Amino acid sequence: MIQKLSQGLEKLNLSLSAEQIEKLELYIHKVLDFNKTYNLMKAADEDELAVNHILDSLAALPYIKEICDEKKSIADIGSGGGCPGIPLAIVLEDKNFTLVERMEKRCVFLESVVSSLKLQNTKVLCTNVDQLTKETFDVEVFRAFHPFDKKILQMLFKPLKMNGHLIAYKARSEKIEEEMLGVKSLIKGYKKIPLTIPFLEDHERNLVVIQK
């Protein structure tokens with residue numbers, strides 16, 4: 001058992017099955033193993049990866065569940081090493097996830113994880129975001145993707161269904177307000193939801209939600 005993962009899930013009041021916890025731990029081990037050759041995610045050990053990436057991804061779970069509700073198709077844009085898509089897919093078993101990543105080596109890793117973890121609800125799409133089909137997804141999530149600007153927002157809106165949601169993991173409120181000011185002509189509005197990450201309580205973290 002990875003101690004901080006277990007403690008963090010408890011702090012987030014997330015009651016996962018033994019199988020789901022086992023999958024999260026296997027995912028952590030696969031990332032660390034892959035990190036030896038390719039710098040996939042910044043993390044020195046199991047605990048750091050569990051806190052900075054897994055718990056960070058899952059801290060937004062109550063809000064994502066509420067936003068998704070009846071919505072089924074969720075894309076993790078610029079998935080990289082698979083966060084937040086893989087942790088969310090492990091927990092939200094009734095949703096269909098697409099991990100969108102343009103770099104082939106990362107796609108090979110993501111395919112390996114999806115296969116090893118037997119994630120029946122998840123597929124990998126190795127392509128650029130601007131090549132995605134119009135109005136494909138109900139929800140798009142992303143973390144450590146580009147800052148919002150008009151070009152990026154228009155690119156993200158294209159594969160999103162009408163009334164669908166963009167859900168972005170962001171940091172400082174000041175930076176968020178600056179980004180949103182630059183795209184205000186393209187959006188009806190946005191919600192900023194403060195997140196608390198176990199063991200990173202002194203780090204400002206927010207979820208930004210935009211409806212198309």
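Only heavy atoms go into these numbers, but all of them, side chains included; no hydrogens, no water, no symmetry mates. Bear in mind that the values here come from a model prediction, so they are computed numbers and not experimental data.
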[atom1] of [X] to [atom2] of [Y]: how many Å apart, nearest 0.5 Å?
X	Y	atom1	atom2	result
Lys184	Leu153	NZ	CG	14.5 Å
Lys30	Phe109	NZ	CZ	7.0 Å
Ile77	Leu132	CD1	CG	5.5 Å
Cys83	Leu40	SG	CG	9.0 Å
Leu117	Tyr27	CG	OH	9.5 Å
Asp45	Leu49	CG	CG	8.5 Å

Treating Ile, Leu, Val, Met, Phe, Trp and Tyr as nodes and any side-chain heavy-atom pair under 4.5 angstrom as an edge, say whether [X] and [Y] lie in one connected cluster.
X	Y	result
Ile193	Ile197	yes
Leu9	Leu26	yes
Ile152	Leu186	yes

Review point. Any ion pair linking Glu48 and Lys42 (charged N to carboxylate O, less than 4.0 Å)?
Key: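 No salt bridge links Lys42 with Glu48.
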Review point. Is it true that Asp76 and Arg143 have a side-chain N and a carboxylate O under 4.0 angstrom from each other?
Key: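 No, Asp76 and Arg143 are not salt-bridged.
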Closest heavy-atom contact between [X] and [Y]?
X	Y	value
Glu177	Tyr190	CG-OH, 4.0 Å
Gln20	Ile90	NE2-O, 3.2 Å
Lys158	Asp130	NZ-O, 3.2 Å
Phe97	Leu92	CE1-O, 3.8 Å
Pro198	Lys11	CB-CD, 3.6 Å
Gly81	Ile86	O-CD1, 4.4 Å

Is there a side-chain contact between [X] and [Y], using heavy atoms and a 4.5 Å cut-off?
X	Y	result
Ser79	Leu110	yes
Leu5	Glu25	yes
Leu16	Leu24	yes
Ile2	Ile54	no
Ile67	Asp69	no
Phe142	Leu156	yes
Lys151	Met155	no
Glu179	Lys170	yes

Any donor-acceptor pair under 3.5 Å linking the side chain of [X] with the backbone of [Y]?
X	Y	value
Asp138	Cys68	no
Asn128	Arg102	no
Glu101	Cys107	no
Glu10	Gly8	no
Lys71	Gly164	no
Lys212	Leu160	yes
Thr133	Thr136	no
Ser115	Glu111	no

Review point. Under the 6.0 Å and 45° cation-pi test, does Lys175 pair with Phe148?
Key: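 No, a cation-pi geometry is absent between Lys175 and Phe148.
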Practice item. Please determine if Lys105 forms a cation-pi arrangement with Tyr38, meaning its NZ or CZ atom is less than 6.0 Å from the six-membered ring centre and no more than 45° off the ring axis. Key: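 Judged by the rule (NZ or CZ under 6.0 Å from the ring centre, within 45° of its axis), Lys105 is not positioned above Tyr38.
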Practice item. Check the pair Leu200 / Arg205 against side chain to side chain contact (heavy atoms under 4.5 Å, CB included), numbers first and verdict last. Key: CA-CA 9 Å; Leu200 292 175; Arg205 203 78 170 113; over 6 Å; no
Check your understanding: Counting only heavy atoms not in Glu201, do more than 12 sit closer than 6.0 Å to its CD atom?
Key ->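 Above 12, so yes.
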Review point. NZ of Lys118: more than 12 outside heavy atoms within 6.0 angstrom?
Key: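 Incorrect, the count does not exceed 12.
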Exercise for review: Just do the side chain to side chain contact (heavy atoms under 4.5 Å, CB included) check on Phe157 and Ile187 with the steps written out, would you?
Suggested key: CA-CA 10 Å; Phe157 270 167; Ile187 62 175; 4.2 Å; yes
Practice item. Determine whether the side chains of Ser173 and Lys192 contain a donor N or O and an acceptor N or O closer than 3.5 Å. Key: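 A pair is found: one side chain offers a donor N or O, the other an acceptor, under 3.5 Å apart.
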Point to revise | Leu99, Val113, Val100 screened by side-chain contact (heavy atoms from CB on, under 4.5 Å) with Val124, the one that passes | key: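 Testing Val124 for a side-chain contact (heavy atoms from CB on, under 4.5 Å) against Leu99, Val113, Val100 leaves exactly one candidate, Leu99.
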Review point. Between His29 and Glu46, does a side chain to side chain contact (heavy atoms under 4.5 Å, CB included) hold up when you go through it step by step?
Key: CA-CA 7 Å; His29 293 143; Glu46 292 177 346; 2.7 Å; yes
Exercise for review: Using the side chain to side chain contact (heavy atoms under 4.5 Å, CB included) rule, take Leu12 and Leu61 through it: C-alpha gap first, then chi angles, then the decisive distance, then the call.
Suggested key: CA-CA 9 Å; Leu12 291 172; Leu61 190 63; over 6 Å; no
